[in-house]
Amino acid sequence: MKDISKTIKKVDSDDKSSGKSKYISDYKMENMLHAITVRSKHQKAKIIKRTYPVLKEGYYIIDHTDIPGVNFVKMIFDDMPVFAENEVNYYLEPIALVVGPDKEEVLEIVNSIEIAYEIQIPTYEYTNSVINYNFTKGNIEKAKKESESEIEYTYNTPYQEQLYIEPQGMIGYFENNQVTLVGSIQCPYYVKAAVVSILDSEEDYIRVKQATVGGAFGGKEEFPSLIACHLAIAVHKIKKSVKLIYEREEDMETTTKRHPATIKLKAYMKDNKILGISSNVGIDAGAYIGLSGVVLSRALIAATGVYTIDNLAVNGDVFITNTVPNGAFRGFGAPQMLFAIEMFIHHIAKDINVEPLTLRQSYLAKQNDSTSTTGTFRDPIIMPEMLEKALKESDFIRKEKEYKQENSLKGIGMSWFLHGCGFTGSGEATHINAVVKLEKDKNDLVTILIAAVDMGQGVKTTMRKIVSNILDIPIENVIYNHPDTNLVPDSGPTVASRTIMIVGGLVARAAKQLKENWIDRNYQIFTEKYKQPSYIKWDEDNFRGDAYPAYSWGINIVEVEIDKNTYEVTVKEGWSVYDVGKAIDEQIIIGQADGGQLQGIGYGYMEVMKAVDGKIQQKNVTDYIIPTSVDAPILHTYLIDNPYPLGPYGAKGAGELTLVGGAPAVALAIEHAIGKKVTKIPVTPEYIMELMSNE
Amino acid sequence: MSKITFILNNKVVSTTQHPTVRLIDVLREEFDYTGVKEGCGEGECGACSVLLNDRLVNSCLVPLGTVHDQKIMTIEGLSETPQGKLLIESYSKEGAVQCGFCTPGMLMASHSLLNEIPNPTDLEIKIGLSGNLCRCTGYNMIVNAVRRASKEGVGLW
């Protein structure tokens with residue numbers, strides 16, 4: 001049997017390289033109108049009065065009064081309006097949309113709209129908790145009582161901007177009695193649900209199609225639903241085609257980012273043993289809740305990282321502030337928590353004078369151990385084998401000793417991490433209920449009908465590879481077009497590292513069905529629906545049970561050198577070992593690993609984004625600095641197979657995992673180089689200077 | 001209104017648009033070369049890279065007037081050349097294309113680099129591409145692709 005992991009040519013590579021692939025800004029239609037969003041000039045205010053100019057023929061102002069349905073972006077909580085009505089809660093919150101044929105004139109209309117506000121006092125502190133989750137494991141009170149000492153640290157993580165190179169955008173038009181939206185999106189059915197709700201329409205009044213997506217990283221999970229609602233209201237009203245493409249500044253100032261977080265960890269210690277840990281997590285939602293509750297729950301569940309701690313008390317809050325709403329970003333709460341716990345285990349080791357590696361190893365989770373939520377790690381955990389590989393390839397132990405003695409600012413750091421694959425808890429069964437279809441035409445061409453989006457992660461290739469391998473037909477005979485809600489069933493959103501494991505698993509099952517029932521030159525169609533494995537038990541209210549069906553695991557090692565005068569950090573080299581079950585395509589997974597790790601490393605030492613008085617200060621790539629080719633270290637990536645029985649060919653989630661370990665690895669490398677404890681990211685030269693001068 | 005004439009992908013073209021219009025807008029909207037991408041509009045991300053007389057420029061920062069009587073090549077032109085074809089193949093073999101939004105600009109930069117230095121070191125490749133941002137790949141596979149093109153394309157550059 002051929003090894004599925006063996007790399008094949010990516011199906012969309014040449015069209016993308018040669019500029020043929022059509023991204024949303026490349027779409028052209030006759031008489032397409034331009035749209036620009038009218039935004040709040042205040043962080044928190046009441047809207048007292050709107051004065052709209054008299055409009056020339058063909059120009060329109062669309063606002064909340066045009067909404068047939070309920071004025072909320074349908075998500076988990078109905079708290080974010082599509083257009084502000086009587087109040088605004090963050091700077092640049094959308095109030096209206098101006099639409100018309102000439103972009104300059106549209107802009108003039110936007111600028112001539114007068115809105116009278118009654119300014120109110122905004123909040124930027126973590127005081128207004130709108131969601132609190134808490135849970136315990138074991139007996140934390142007993143651990144507290146028996147302990148002889150406590151070790152406590154507070155860790156802070158900042159905003160991170162997804163910075164997909166293609167800004168957000170969408171076009172809308174009216175065709176065959178449908179409001180049709182085409183966009184740079186991760187989740188066609190999220191967009192559809194939001195638009196159905198805002199227009200209060202029948203399902204089949206709305207059609208959503210995907211354009212080639214120029215990067216997403218979570219930033220095109222829920223945010224595009226807002227743009228879609230703006231456009232859909234306009235298209236529904238004026239029945240013309242409208243284009244809404246954000247420029248970079250509008251994108252960076254107004255779209256969702258990674259939640260800043262403050263994480264306070266306290267360990268109860270006795271005889272150099274950790275009896276228990278209590279964690280307190282606060283995340284900044286911005287002005288509306290959006291997905292923040294789910295982000296918080298993923299952070300909380302990751303409270304002990306890869307370690308088994310018997311007694312736990314975990315508490316977390318989502319705080320509302322008058323800033324731009326935060327949202328999905330690769331890792332979804334885990335990068336914040338994993339940074340904290342990885343630094344903490346290291347800091348505990350230093351404080352009790354134990355080798356960090358020894359302390360890590362003594363708490364490393366093993367198969368059948370109890371998870372943070374008292375579920376079970378059912379599948380084999382191969383971290384010891386991965387560790388051996390990582391230590392050997394990087395020569396970690398020798399470098400760790402030598403750099404400490406050398407009179408240079410060289411350092412090496414290592415992070416261990418895991419990522420729960422798929423939706424948290426029973427989300428797949430209760431919220432998503434994925435359906436996939438596989439259709440064979442009379443020429444024996446097989447079409448994969450799913451709503452999953454290729455945003456660069458390679459599913460166009462890997463899905464076809466799964467089907468062509470199972471059916472033993474050439475990959476050219478397998479078709480997988482950009483999803484169109486008129487044609488594909490709802491296989492769920494392209495998020496949560498679920499696409500290969502869950503959707504790919506269903507596609508593989510459908511392919512097996514087709515193979516068993518194959519009739520040459522006949523039309524055939526097979527449908528598969530998600531069924532939750534019966535052993536998965538999850539109590540959502542009490543955070544108890546199996547939070548995820550499976551976990552992927554990783555180790556990152558990063559080497560840095562710091563300039564003695566400027567404290568500028570150079571990341572020299574990186575080594576990683578991953579257990580993603582089984583790679584459907586080795587090169588694609590290594591590409592995910594390289595990109596994810598560099599995004600994580602950037603988060604750890606380079607990427608600075610701040611809000612001052614509720615305004616995002618970094619508005620373009622000139623002031624929000626991400627790693628360039630010169631900043632990128634050589635990355636050595638190794639995969640070790642550990643097939644997951646329910647994944648296609650044993651595959652588990654991979655996309656998010658690869659980001660999660662980057663920040664703690666680089667932060668620990670810097671900590672090693674400078675000999676001072678790092679408790680926040682990004683570890684900038686300014687922060688290093690502060691640490692170095694605090695003798 | 002006066003006409004601006006230039007050589008675009010080896011063909012003589014002319015436009016009556018205002019000389020201060022951004023070159024990127026003319027290329028994308030009037031000539032439909034949508035392989036030229038806009039990522040930042042500030043000359044920082046490199047997605048709109050084109051060659052102006054064989055020199056790499058960000059077309060979002062070039063006013064149309066400056067290209068009068070000059071030579072412009074976009075990805076659509078490059079991809080028809082032996083160098084462009086080899087770069088496309090090298091990027092594919094090394095897995096250097098993910099979302100693909102930066103890729104046309106990255107190819108223009110790769111070609112420009114190899115024009116100057118046919119046998120670049122890894123550091124020279126990295127410096128040559130440092131004006132082009134990629135958020136997907138971590139750059140390793142892109143550097144490998146340029147190295148591969150340089151090795152396999154002896155005599156092309």
Side-chain angles (χ1 to χ4, degrees), chain A residues 7 9-10 12-23 25-28 162-167 212-217 245 247-249 454-458 574 585 587-588 590-599 601 620-622 626-635 637 658, chain B residues 28-29 32-47 74-76 78-80 84-85 87-107 109 122-123 125-143 145:
Chain A
T7 295
K9 186 180 163 76
K10 251 181 146 181
D12 51 358
S13 184
D14 293 356
D15 280 351
K16 285 178 169 175
S17 291
S18 59
K20 287 186 190 120
S21 297
K22 292 285 176 223
Y23 297 80
S25 56
D26 305 334
Y27 280 63
K28 281 179 186 163
Q162 293 88 355
L163 213 92
Y164 29 72
I165 307 294
E166 178 207 34
T212 308
V213 175
F217 314 110
I245 309 285
E247 289 186 359
R248 178 62 62 186
E249 289 201 1
D454 194 319
M455 45 197 168
Q457 87 282 41
D585 189 285
Q587 191 180 59
I588 284 176
I590 292 176
Q592 285 295 294
D594 286 358
Q597 202 192 341
L598 192 62
Q599 212 168 29
I601 289 173
N620 208 318
V621 281
T622 38
I626 62 165
T628 69
S629 46
V630 174
D631 303 308
I634 302 166
L635 298 168
T637 305
T658 60
Chain B
R28 286 179 52 83
E29 284 155 30
D32 209 21
Y33 286 134
T34 54
V36 183
K37 303 295 182 201
E38 178 159 0
C40 73
E42 290 199 345
E44 196 68 26
C45 77
T74 71
I75 186 63
E76 287 84 355
L78 179 66
S79 55
E80 296 301 318
K85 285 179 182 160
L87 281 168
I88 290 170
E89 189 187 316
S90 305
Y91 269 66
S92 169
K93 282 190 176 153
E94 293 296 339
V97 182
Q98 288 193 31
C99 86
F101 201 78
C102 76
T103 315
M106 204 59 93
L107 257 72
D122 282 4
L123 183 61
I125 296 174
K126 287 181 167 194
I127 292 169
L129 302 178
S130 62
N132 293 71
L133 294 176
C134 167
R135 192 57 155 167
C136 296
T137 64
Y139 302 102
N140 277 235
M141 288 174 172
I142 293 176
V143 172

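Just so it is clear, the model here is predicted, and its values are computed rather than measured. Per chain, numbering begins at 1; letters A, B, ... match sequence-line order. The figures here come from the full heavy-atom set of this structure, side chains too, leaving out hydrogens, waters and symmetry mates.
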*Among all residues two or more places apart in sequence or in another chain, which pass the side chain to side chain contact (heavy atoms under 4.5 Å, CB included) test with Q162(A)?*
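Only Y164(A), F217(A), T256(A), F329(A) meet the side chain to side chain contact (heavy atoms under 4.5 Å, CB included) criterion with Q162(A).
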*Does D594(A) offer a backbone N or O that forms a donor-acceptor pair with the side chain of N140(B) under 3.5 Å?*
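Between the backbone of D594(A) and the side chain of N140(B) there is no qualifying donor-acceptor contact (under 3.5 Å).
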*Is a donor on one side and an acceptor on the other found under 3.5 Å between the side chain of S130(B) and the backbone of T628(A)?*
no
*Do R28(B) and D26(A) sit within salt-bridge range, that is, some charged N less than 4.0 Å from a carboxylate O?*
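A salt bridge is present here (some side-chain N lies under 4.0 Å from a carboxylate O).
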State, with a plain yes or no, whether a side-chain heavy atom of [X] is found less than 4.5 Å away from one of [Y].
{"X": "E249(A)", "Y": "E42(B)", "value": "yes"}
{"X": "K28(A)", "Y": "D32(B)", "value": "yes"}
{"X": "K10(A)", "Y": "V97(B)", "value": "no"}
{"X": "M141(B)", "Y": "I590(A)", "value": "yes"}
{"X": "M455(A)", "Y": "C99(B)", "value": "no"}

_Residue part contacting chain B, namely of V630(A), when any heavy atom lies under 4.5 Å_ = both
_If you compare all heavy atoms of S17(A) against all heavy atoms of I88(B), which two are closest, and at what distance to 0.1 Å?_
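Looks like CB-CG1, 3.9 Å.
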*For residues G138(B) and L598(A), report the shortest heavy-atom separation together with the two atoms involved.*
CA-CD2, 3.6 Å
_Under a plain distance cut-off of 3.5 Å, with no hydrogens placed, do Q98(B) and Q592(A) share a side-chain donor-acceptor pair?_
yes
*Looking just at side-chain N and O atoms, do T103(B) and K16(A) make a donor-acceptor pair shorter than 3.5 Å?*
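T103(B) vs K16(A): no donor-acceptor pair found between side chains.
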*Counting heavy-atom pairs under 4.5 Å to chain A, which of G35(B), S92(B), C102(B), P104(B) comes out on top?*
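If we count pairs closer than 4.5 Å to chain A, S92(B) comes out on top.
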*Separation between OH of Y91(B) and CG of D14(A), rounded to the nearest 0.5 Å*: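 Here the interatomic distance stands at 13.0 Å.
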*Pairs where residues 128-142 of chain B contributes a residue and the test salt bridge (Lys or Arg N to Asp or Glu O under 4.0 Å) is met, not counting sequence neighbours*: E607(A)-R135(B)
